[in-house]
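One structure is given here, and the rest of the page talks about it.
Excluded from the calculations below are hydrogen atoms, water molecules and symmetry mates; all remaining heavy atoms, backbone and side chain alike, are included.
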Amino acid sequence: MTGAPARTLLLWCPDWPVLAAEIVDGVPATGPVAVLHANRVVACSERARAEGVRRGLRKREAQGRCPQLTVVEYDPGRDARAFEPVVAAVEELVAGVEVVRPGACAVAARGPGRYLGGEEAAAERIIEHVAQSCLVESQVGIADGVFAAGLAARAGRVVAPGGTPEFLAGLPVEALGRSALADLLRRLGVRTLGDFAALPAGDVLARFGFDGALAHRLAAGRDHRPLAVRQPPADLTVTAEHDEPIDRVDAAAFVARALAERLHERLAGHGLACTRLGIEAVTEHGQELHRVWRHDGLLTAAAIADRVRWQLDGWLSGSNGRAGARPARPTAGIIRLRLIPDGVIAQAGLQAGLWGETGEERERAHRALSRVQGILGPEAVVTAVLGGGRSPADQVRLVPWGDERVPARPGPPADAGADPATGRGGGGAPPWPGRLPAPAPAVVLPSPLAATVHDAAGEPVVISARLAVSAPPARLVVGTGQPAEIVGWAGPWPVDERWWAPAEARRRARFQVSLADGAALLLAVEAGQWLVEAIYD
């Protein structure tokens, strides 16, 4: 799908959200500081780590470990604004800098390596220049591809050309940055990126989906972005001219939103999505400003607007960083703003969802359903959560929208079905023994319907304690309805649950039957009574 990934130099500033809070808000990064998002720690200072604070901890637990902890709320705009002087300092030495995220930026290693006397010399020169200009400590990693360069930067390494797969092979699967996938891989016995990369790509895609296949490519040392990225035609660029210069951040945010929507609509009209965004601005005095932002996924209209707003905020606020580091505020307001989709890919397989364009449907659905809950109550909107169990009614739990989606019984939601003889299924974790074989029924009745089953002679069909069927089922009567002819049946499958608790004990046998009219039903026999539990499509 791609060739060899390009040599990439990536500069990484450790604990950047903490440093950004010091640069912008004056919170001393030398003390115990933690940055929180959704009540969990997303970054912390070295002093806080020494006290036991770690990423992922809840606020109360972090404060329990370090009572002197200073808590700062996560602000991506603040992080981007504070990072602007660092990117500008790197641009004074090399060209074509791409912002991966606030705290990390990347550039092709070939140019700096040749111009500055080799890759290691280029890394040392950039680190020294950033430290002198911005008083910010940083580390540089060089490897084949952005992902490997980012991991190399954390270790301060320069990986030799062609040595990226070997460098990645010994790293733990947590380095992928996907906690749920890493946890599942460890439970399957896959502990390193090398173990993960050794798995067949087709099996990984079938078992873990598109995101798992993307992570598999990363683990193998292949670039995380397809090389089908092409230089967009000139007509994809959007430009806004302003007679009145823009010199306020609030006015710039309004312009950014409108321009981002124009760009996104133009890309969508060509069936494209943006992965790398160039932002250009020209001031009233002719000063030209330029920055490139990159993103691991597809940039939606909201994501484009956020990055443009962050960048304009960084330019117009004139954040000088530490010790007066450049760049200074422009000498005049912005009169021309241009957005350039520097990297685009075909928006294959994506289509508009029920609530609008792809990428925004989840947020729009959340707003709409929350509004319905506000009018009708929390229980008015529920979603199904799959879990464990032996019958269809046990495997589905209805949860109010917005509540934690935890199954009532543990089990593998992705299980593809179980063998009725062994109880083993197609999921990554052991399914419940005795669960129904595939396929699952289409409709599960909220309350089972009473029924009677007769044999060809008209006698009731009964099941013995040893699961012996008195005669083949021939006719079914549901409630007071008309008899229906049974043309096929399978079973019985016994279930004997919680025999150690007499008040909760339940013993029954289940059958699958098909009727002459084409219907298929799931029946159960419990205490001598036949019941219709579910209907197959």
Side-chain angles (χ1 to χ4, degrees), residues 19-20 22-26 75-99 101-103 105 107 129-130 132-136 232 234-264 266 274 276-294 299 301-342:
L19 290 177
E22 180 182 40
I23 294 172
V24 177
D25 299 332
D75 183 357
R78 176 186 62 209
D79 295 351
R81 185 166 63 251
F83 193 55
E84 174 60 24
V86 177
V87 180
V90 176
E91 276 192 331
E92 293 177 0
L93 296 180
V94 298
V97 179
E98 298 179 358
V99 179
R101 62 183 180 278
C105 59
V107 66
H129 185 68
V130 169
Q132 292 178 351
S133 302
C134 307
L135 295 183
V136 170
D235 62 342
L236 294 182
T237 300
V238 295
T239 305
E241 303 277 353
H242 302 279
D243 296 333
E244 188 71 23
I246 301 174
D247 56 3
R248 299 195 324 272
V249 175
D250 56 345
F254 179 79
V255 172
R257 182 177 182 84
L259 203 58
E261 291 178 353
R262 282 177 51 196
L263 174 62
H264 194 265
R266 182 168 296 185
C274 184
R276 196 166 60 243
L277 175 69
I279 304 173
E280 291 184 354
V282 178
T283 69
E284 189 178 16
H285 292 172
Q287 182 181 2
E288 296 184 1
L289 306 171
H290 179 76
R291 180 69 67 242
V292 177
W293 285 78
R294 69 186 297 156
L299 287 167
I304 294 174
D306 284 342
R307 281 153 180 79
V308 178
R309 176 171 52 84
W310 296 341
Q311 188 60 60
L312 293 176
D313 193 2
W315 283 333
L316 295 176
S317 65
S319 175
N320 288 332
R322 292 182 174 181
R326 292 176 300 272
R329 177 186 173 93
T331 57
I334 294 173
I335 60 172
R336 183 184 304 119
L337 182 63
R338 176 179 298 173
L339 302 186
I340 306 170
D342 194 41

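Among all heavy-atom pairs drawn from Ala95 and Val107, the shortest one is O-CG2, 3.2 Å. The two residues Ala89 and Ser133 have their closest heavy-atom pair at CB-CB, 4.1 Å. The minimum heavy-atom distance linking Leu289 with Pro330 is given by the pair CD1-CG, 4.0 Å. When all heavy atoms are compared, the tightest approach of Phe83 to Arg101 is CE2-O, 4.0 Å.
A heavy-atom distance below 4.5 Å is not found between the side chains of Val308 and Leu259. When side chains are defined from C-beta on, His242 does not count as touching Ile334, because their heavy atoms never get closer than 4.5 Å. At a threshold of 4.5 Å between non-hydrogen side-chain atoms, the residues Val99 and Val87 count as touching. Two residues are said to be in side-chain contact when any heavy atoms from C-beta on lie closer than 4.5 Å; Ile340 and Arg338 meet this criterion. At least one side-chain heavy atom of Ile279 sits under 4.5 Å from a side-chain heavy atom of Leu337. Within the 4.5 Å cutoff, the side chain of Glu84 has heavy atoms near those of the Gln311 side chain. Pro76 is not listed as a side-chain neighbour of Asp306, based on a closest heavy-atom distance of 4.5 Å or more. Counting only heavy atoms from C-beta outward, the side chains of Pro341 and Leu263 approach each other to under 4.5 Å.
Using modelled atom types, one side-chain atom of Arg266 and one backbone atom of Thr237 make a donor-acceptor pair closer than 3.5 Å.
Within the model, atoms SG of Cys134 and CG of Leu19 stand 11.5 Å from one another, a figure rounded to the nearest 0.5 Å. Taking CD1 of Ile335 as the start and NE2 of His285 as the end, the distance is 9.5 Å to the nearest 0.5 Å. Atom NE2 in His264 sits 15.0 Å away from atom CZ in Arg262 (nearest 0.5 Å). With rounding to the nearest 0.5 Å, the separation of CD1 in Ile246 from CZ in Phe254 is 10.0 Å. The structure places NE2 of His290 at 7.0 Å from CD of Glu91, a figure rounded to the nearest 0.5 Å.
Residues passing the side-chain contact (heavy atoms from CB on, under 4.5 Å) test with Asp75 are Arg78, sequence neighbours excluded. Residues passing the side-chain hydrogen bond (donor to acceptor under 3.5 Å, both in side chains) test with Asp243: none are found, sequence neighbours excluded.
Counting non-hydrogen atoms of other residues, nucleotides and ligands closer than 6.0 Å to CZ of Arg257 gives a total of 12 or fewer.
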